[in-house]
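A quick write-up on the structure given underneath.
Atoms within each ligand, like the ligands themselves, are counted from 1 in listed order.
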Amino acid sequence: MRLVFLGPPGAGKGTQARELAREWGVVHLATGDMLREALAAGTGLGLEAKRYMDRGALVPDEVIIDLMRERLARPDAARGFIVDGFPRTIAQAEALASLLKDSGQALDRVIYFEISEPELLRRLTGRRICRRCQTVYHLISAPPRRPDVCDKCGGELYQREDDSEATVQHRLEVYAQQTAPLLAYYSERGLLVPVAGEGSIEAVRRAIRAVVGA
Ligand code: AMP
């Protein structure tokens with residue numbers, strides 16, 4: 001199983017990818033998570049990426065493509081994967097296709113999360129994330145049992161700096177300009193499968209299972 005989860009920030013890609021990857025025994029490759037881990041570890045990559053992430057801009061293609069090249073070469077990726085947050089530009093999509101081709105692989109499907117802008121704004125600005133296990137909460141629609149504490153691991157919940165209202169608006173513009181062209185790109189290649197992203201977490205998960213046949 002080799003899938004890409006495509007859609008605007010806040011569409012639910014990470015939430016779904018994390019659970020479904022576990023269920024299907026494949027790896028979850030989220031470039032945003034990788035960059036945040038690099039930043040937490042204080043690496044050069046993390047510090048360089050921060051300059052872009054804080055503004056809601058995209059990290060340069062070469063940096064992200066190198067990161068994915070290394071990650072896809074690790075043995076666990078051969079079991080299958082869900083990529084989330086990548087590709088975000090046509091150049092990244094082409095690089096992904098050629099990386100996979102080099103190892104005799106290809107994408108099975110690109111799942112596109114369809115969702116309205118007001119709902120994205122609501123989700124992103126209310127989003128809280130566990131520092132330790134990355135579980136995602138929402139202040140209104142999926143609050144933790146105890147404020148600021150993860151139900152699953154007891155870790156501290158935090159708001160991503162780029163989930164502030166001003167940065168969110170810019171991230172949505174960047175998505176429209178640089179990432180939305182991927183819809184036509186994957187549609188032309190017969191890979192794009194839309195899924196309604198506005199339902200409950202469980203409803204969206206069922207819809208994805210149905211289109212993937214899992
Ligand atoms: P995400 O967690 O997917 O919303 O990503 C957070 C931020 O990381 C983005 O706003 C970008 O600055 C950066 N980022 C993540 N994935 C990519 C990518 N594929 N290409 C460029 N920048 C990325």
Side-chain angles (χ1 to χ4, degrees), residues 3-19 21 27-41 43-72 77 81-100 107 110-113 115 117 119-131 133-138 157-183 185-186 197:
L3 302 175
V4 166
F5 282 8
L6 179 65
K13 305 183 298 294
T15 299
Q16 298 295 347
R18 195 164 298 113
E19 259 327 293
V27 288
H28 172 209
L29 306 180
T31 41
D33 288 349
M34 292 178 204
L35 296 173
R36 281 183 291 278
E37 278 161 24
L39 180 59
T43 66
L45 167 68
L47 294 174
E48 185 189 352
K50 181 175 162 49
R51 304 205 328 256
Y52 301 92
M53 294 169 82
D54 281 353
R55 287 187 282 127
L58 295 187
V59 172
D61 284 336
E62 318 80 72
V63 175
I64 291 287
I65 291 167
D66 280 352
L67 186 67
M68 278 305 281
R69 182 182 295 112
E70 278 169 31
R71 188 58 191 88
L72 282 171
F81 53 74
I82 302 175
V83 195
D84 143 29
F86 177 93
R88 263 173 151 102
T89 62
I90 298 279
Q92 292 180 16
E94 287 181 337
L96 176 61
S98 96
L99 284 175
L100 292 176
L107 287 178
V110 175
I111 310 289
Y112 167 49
F113 289 60
I115 185 157
E117 187 159 326
E119 177 63 8
L120 292 175
L121 288 171
R122 189 193 72 79
R123 288 188 183 184
L124 287 166
T125 50
R127 175 159 76 173
R128 297 293 181 274
I129 301 172
C130 174
R131 255 188 222 291
C133 74
Q134 317 302 325
T135 296
V136 179
Y137 296 84
H138 188 277
L157 305 188
Y158 78 109
Q159 179 174 35
R160 273 172 50 173
E161 238 172 83
D162 59 349
D163 279 348
S164 69
E165 231 165 308
T167 312
V168 158
Q169 200 62 52
H170 184 57
R171 287 164 66 206
L172 294 177
E173 285 162 21
V174 167
Y175 172 80
Q177 283 164 13
Q178 305 199 51
T179 307
L182 290 177
L183 299 178
Y185 176 92
Y186 282 125

SB check Asp163 Arg128 (cutoff 4.0 Å): no
According to side chain to side chain contact (heavy atoms under 4.5 Å, CB included), who are the partners of Glu48, at least two apart in sequence or on a separate chain? Arg51, Tyr52, Val63
Judged by atom type as modelled, is there a donor-acceptor pair below 3.5 Å linking the side chain of Thr179 to the main-chain atoms of Arg88? yes
Between Lys13 and Val83 (side chain of the first, backbone of the second, donor and acceptor by atom type, cut-off under 3.5 Å), is there such a pair? no
Quick one: does Arg18's side chain have a donor or acceptor within less than 3.5 Å of a partner on Gln134's backbone? yes
Hey, is CD on Glu173 packed in by over 12 heavy atoms from elsewhere, all under 6.0 Å? yes
Tell me, which residues have any heavy atom less than 4.0 Å from some atom of ligand 1? Thr31, Gly32, Leu35, Arg36, Met53, Ala57, Leu58, Val59, Ile64, Gly85, Phe86, Arg88, Gln92, Arg160, Asp162, Arg171
